[in-house]
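Note that these values count all heavy atoms, side chains included, but never hydrogens, waters or copies made by symmetry. All residue numbers in this chain count up from 1 along the given sequence.
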Amino acid sequence: MAMSQFVPELRLGYLYTYWGPLIFVLAVTLFREGVDDIRRWQRDEEVNSQKYKRLIRGKDHNIGTEYVSSSKLKVGDLVLVEKDQRVPADMVLLRTTEKSGACFVRTDQMDGETDWKLRLAIGDTQKLDCDARLFDITATIFAEKPQRDIHSFIGTFRRQDNGEEVSLDVENTLWANCVVANGSALGAVVYTGAETRSVMNNSQPRSKVGLLDIEINQLTKLLFCAVVGLAFVMMCLKGFSGPWYRYMFRFVLLFSYIIPISLRVNLDMGKAFYSWSMQRDEEMPDTVVRCTTIPEELGRISYLFSDKTGTLTQNSMVFKRLHLGTVSYGAESFDQVAEQLKMTFCGTVEPTHNRNLSQGSTSFKIRRSEQTRLHDAVKAIALCHNVTPVIENNMQGNITDSPVELRSEADQHYIKESLLSRSQCTYQASSPDEIALVKWTEDVGLAVIKRDLTSLQLRTSAGDILNYTILQMFPFTSETKRMGIIVKDVASGDITFYLKGADVVMSSIVQYTDWLEEECGNMAREGLRTLVVARKNLTEEQYLEFESRLNSARLAVTGRAQRVATVVDTLEREMELLCVTGVEDKLQVNVRRTLELLGNAGIKIWMLTGDKQETATCIAKSSRLVSRTQELFIFNPVHTRTEAHQQLNAFRKKQDCALVITGDSLEICLQYYQTELLDVACRSPAVICCRCSPTQKAQIVTLIKAHTGKRTAAVGDGGNDVSMIQAADTGIGIAGVEGRQASLAADFSVPQFSHLSRLLMVHGRYSYKRSASLSQFVIHRGLIISTMQAIFSAVFYFSSVTLYQGFLMIGYATLYTMFPVFSLVLDKDVLSKIALTYPELYKELSKGRSLSYKTFFIWVLISIYQGGVIMYGALFLFEDEFIHIVAISFTALILTELIMVALTVRTWHYLMLLAELFSLAVYILSLILLKDYFDSHFIQTESFLWKVTVITLVSCLPLYILKFLRKKFSPPSYSKLS
């Protein structure tokens, strides 16, 4: 349309009347998009410029290290990763500071699992004297082509100098985004950039468009049809004679003000303001808005998908409860435990020796004092685990001369002085739960000070050392849900079998007690992760007989695992129950209150985690994602279509029941019964998906969006949540301890989960409500002037001449009305305190009633009424000259717009008042200065003033009366609360 103004026959006025607004609109949009792009580039630079140590051989053949940014790493580089440092690329582990070549890594940013994983260095390279010797050998690493599967790897390590070849698997790798948990590790880079496992598991980012923008686009299409329709009606009335197509196009140009070109600018500036408000909110410090195009989406969320580890929880385990059956110890009474143990170790009370119990039959029981039972329970916790204490001596020196000295106790000589300085001692294990238990025993006076494959040492609060020989270890697996250890007391020669595990399996193993089930239930309701600890005393003969059976089972060629399990089962009978422990995975601040608020706001919350089912269920209960009254339906593992069908039918019969399902079962159900599963899951008050891969998380979000058509939000803190965050309509990242990948990939970044309630219910609400008001007002502004233009053309023999020339047309949409209309972005329908106190108010927003076809047509009718009143009033009341029509109608139009803004405002802000007064002052100044457009003598007469006043009153007073009556007899829900 702007281009048509270069054609003399189609020109309606000055070129700037069309080109000025268009250039301004494009400039503002380009600027805002450009700022977003620059910010994204800066974020990428920040991540890519993190420094790492690379091992190099200098020009003088000396071996040294240099710091390089992660983006400069290439395949084949030797990179040193220190403790608590993130791995920059996929690497094969060559050397660690542990002599055994072991290294623990945290993978919760990859798979969501809280357990640490054991990784092993290649034996050949670990055996070398120092890191520098790597340059003296000739070797090649073969790696498979890049894959998405984070749980497998196929490769080989071949030495040319001695011809040895070693196969490599996932245990020899360090994937990018893992964190080294102990010591330091040296690896060879095998995959970088887009070929790393973590990036291959991320989905491609997409450009997000808000629902409000889509709705406005629909309305704009309607308005365009109205423009063409109105021009066609004018041509029909004028008659298709002469060059009619030229007249037709001129009419389209005349009525083009109906299409709100300035709406784009107003909305973009509004979005920028909302983003600025969020970042400046003192109650949400450190909030960052990374995508300024979709703040209104926050006000219309129906489904929230949340990660667990690091998002709902802090991934910090704390020992909370010890229950002995007759007595329970909590955090406030642990000092009593320490006192009683001190008395026991100092010899005040003699602990029961195992030989007393093993002399008679196994059912022979002695009534033991509470102190003795407590001692036995604590000793069992201190012995039954796979935790290794580590002493860190931070010796300075070049890595190439000697690696950072960090030896496990297994590799060190016992030095009493160094052991006494507890601050240097840390624990490493595959599970943080185990570390919490061992740390607790240290706090109450029984510390694990040394551990290797065959022996274990404890130190009592009295300073005595207790030595034990480890005879057998039965590690924890997800199938058995328990772990066991057989130890021999070096001093007394007593052999004891300790076992700990989940209450579901242990209840059938221990001797019958009436309190076990009840207490485990009580702890689970508090959100504690329970472990039942039991023991069995063995005579030398019993153990030797068991050992021979176990060894023969381990030598079996077929069904070895089953045979070993059967032999161990013979020991796991009629065990003596010692205690139940409760460990808490600390929740993020105010998680319970936030989840409750979001639930009351009508948002359905799904927890998608890569962690174990037991852990996920426990957190769902402790965080109140699943309320105490709600039942949990645990979807049994399914492998076939029939099993999936049976489980779905069983779940369908349940009412108000939360669903717990694993990633594998979900895959099978989606394959055969996608619609049925989504139907029943959407009816459930909460859904917990455990063992989910990053790709599955994104798939679930995409399916729910397509199935329900509702707006979704995803919140996470790790690299494994990036796909989910990008797939959702709104991605929210939490800048946690575990890096900033999710936070950088998200549209909005908050420091903690509890800020979500304010982000959605206050800022989401304001953004949506304000944008809806603003867009309808801008549409009204275009419709009213086009209505007046249509009446003017019809009255003056269907001439395609503009009613207002040049500057008046540009001034109307900018100087005279822009500030008051834009000041609507400061409007508040409710105070933030009320929005958070009554989260039910949020439910109405998801229905999208603030901007709908109904409200649109109401504003169309208002525009036609007001445009008609102003134009016919001016024509009816004018006397002499045409210029008087312009003065009367344009003044009445500006006053009507200013009064309509005042009528629309729900909460006044001083800037709104300033904007109204400023616009009025500018217009009065224009009346005086623009002598070409206004008759300066006429506008000073009383005739002008009363005519303008009457027309303005007739156009606005009926609407004010209607608004007053509506507020009186049918007030909106929020106004009742205010």
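Summarising the geometry of Ile150 relative to Val170, their closest heavy-atom pair is O-CG2, 3.7 Å, with the distance given to 0.1 Å. Taking all atoms of both residues into account, the shortest heavy-atom contact from Val533 to Ala380 is CG1-CB, 3.7 Å. What you find for Ser754 and Thr594 is that their closest heavy atoms are CA-OG1, 3.2 Å. Nearest approach of Leu578 to Leu324, heavy atoms of both residues: O-CD2, 3.7 Å. Annotation for Phe546 and Ile486: closest pair CE2-CD1, 3.7 Å, computed over non-hydrogen atoms. Across all their heavy atoms, Val583 and Ala436 have their closest contact at CG1-CB, 4.2 Å.
The side-chain heavy atoms of Leu471 and Thr469, taken from C-beta on, include a pair separated by under 4.5 Å. Contact check for Thr496 versus Leu538: no side-chain heavy atoms found under the 4.5 Å cut-off. The shortest side-chain heavy-atom distance between Met607 and Val687 does not fall under the 4.5 Å cut-off. In this structure the side chain of Leu341 reaches within 4.5 angstrom of the side chain of Val378, judged on heavy atoms. Phe633 is not listed as a side-chain neighbour of Val660, based on a closest heavy-atom distance of 4.5 Å or more. Side-chain contact check for Val564 versus Arg554: some heavy-atom pair is nearer than 4.5 Å. With contacts defined as side-chain heavy-atom distances shorter than 4.5 Å, the pair Leu587/Ile619 qualifies. Taking the side chain as every heavy atom from C-beta outward, Val591 and Leu625 never approach each other to under 4.5 Å.
Side-chain atoms of Lys586 and Ser316 form no donor-acceptor pair, as typed in the model, at a separation below 3.5 Å. Between Thr609 and Asp611, the side chains place no donor N or O within less than 3.5 Å of an acceptor N or O (distance only, hydrogens not considered). A donor-acceptor contact closer than 3.5 angstrom is absent between the side chains of Thr96 and Glu98.
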Criterion side-chain contact (heavy atoms from CB on, under 4.5 Å) on Phe753 and Leu312, from CA distance to verdict: CA-CA 7 Å; Phe753 187 84; Leu312 298 177; 3.6 Å; yes
Pair Leu595-Ile605, side-chain contact (heavy atoms from CB on, under 4.5 Å): steps then yes or no: CA-CA 8 Å; Leu595 287 174; Ile605 302 160; 3.7 Å; yes
Derivation and outcome, salt bridge (charged side-chain N to carboxylate O under 4.0 Å, His left out), residues Lys439 and Glu434: CA-CA 9 Å; Lys439 273 186 176 169; Glu434 297 241 276; over 6 Å; no
Salt bridge (charged side-chain N to carboxylate O under 4.0 Å, His left out) between Lys536 and Glu572, worked out: CA-CA 8 Å; Lys536 191 174 197 175; Glu572 293 174 347; over 6 Å; no
side-chain contact (heavy atoms from CB on, under 4.5 Å) assessment of Val715 paired with Asp307: CA-CA 6 Å; Val715 56; Asp307 176 41; over 6 Å; no
Salt bridge (charged side-chain N to carboxylate O under 4.0 Å, His left out) evaluation trace for Asp464 with Arg459: CA-CA 6 Å; Asp464 300 325; Arg459 185 186 59 235; over 6 Å; no
Steps toward side-chain contact (heavy atoms from CB on, under 4.5 Å) verdict (Leu446, Thr460): CA-CA 5 Å; Leu446 193 60; Thr460 68; 4.0 Å; yes
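Note that OG1 of Thr617 is 10.5 Å distant from CZ of Arg529, once rounded to the nearest 0.5 Å. Between His151 atom NE2 and Ser693 atom OG the span is 8.0 Å, to the nearest 0.5 Å. Considering NE2 of His323 and CG of Leu528, their distance stands at 12.0 Å, rounded to 0.5 Å. Taking OG1 of Thr97 as the reference point, atom NZ of Lys99 lies at 12.0 Å (rounded to 0.5 Å). Atom-to-atom distance recorded for Thr107:OG1 and Leu174:CG is 11.5 Å, nearest 0.5 angstrom. Taking OG from Ser100 and CG from Leu120, the interatomic distance works out to 7.5 Å, rounded to the nearest 0.5 Å.
A donor-acceptor pair is defined here as one N or O able to donate and one able to accept, closer than 3.5 Å; such a pair exists between the side chain of Asp452 and the backbone of Ser455. Between the side chain of Arg86 and the backbone N or O of Asn177 there is at least one donor-acceptor pair closer than 3.5 Å. Within the 3.5 Å criterion, the main-chain N or O of Phe476 finds no donor-acceptor partner in the side chain of Thr480. At distances below 3.5 Å, not a single donor-acceptor pair connects side-chain atoms of Ser333 with backbone N or O atoms of Tyr329. Of the possible polar contacts, none joining the Gln511 side chain to the Glu576 backbone as a donor-acceptor pair under 3.5 Å is found. For Lys697 (side chain) and Cys692 (main-chain N/O), no donor-acceptor pair under 3.5 Å exists by modelled atom type. Under the 3.5 Å distance criterion, the side-chain polar atoms of Glu518 are left unmatched by any main-chain donor or acceptor of Trp515. Side chain of Glu519 to main chain of Leu516: no donor-acceptor pair is present (N/O by atom type, distance under 3.5 Å, no hydrogens or angles). Checked by atom type and distance alone, the side chain of Thr311 never pairs as donor or acceptor with a backbone atom of Lys308 at under 3.5 Å. A side-chain donor-acceptor contact under 3.5 Å links Asp721 to the backbone of Asp717.
Phe334 is linked by a ring-ring contact (aromatic ring centres under 6.0 Å, His included) to Phe319, Trp440, counting only residues two or more places apart in sequence or in another chain. Every residue was checked against the side chain to side chain donor-acceptor pair (under 3.5 Å) condition with Asp503, not counting sequence neighbours, and none meets it.
The environment of CD in Glu547 is crowded: more than 12 heavy-atom neighbours from other residues, nucleotides or ligands sit within 6.0 Å.
When ring centroids are compared, His375 and Phe345 come within the 6.0 Å threshold.
Ring orientation note: the planes of Phe497 and Phe474 are nearly perpendicular, at an angle over 60° on the 30°/60° scale.
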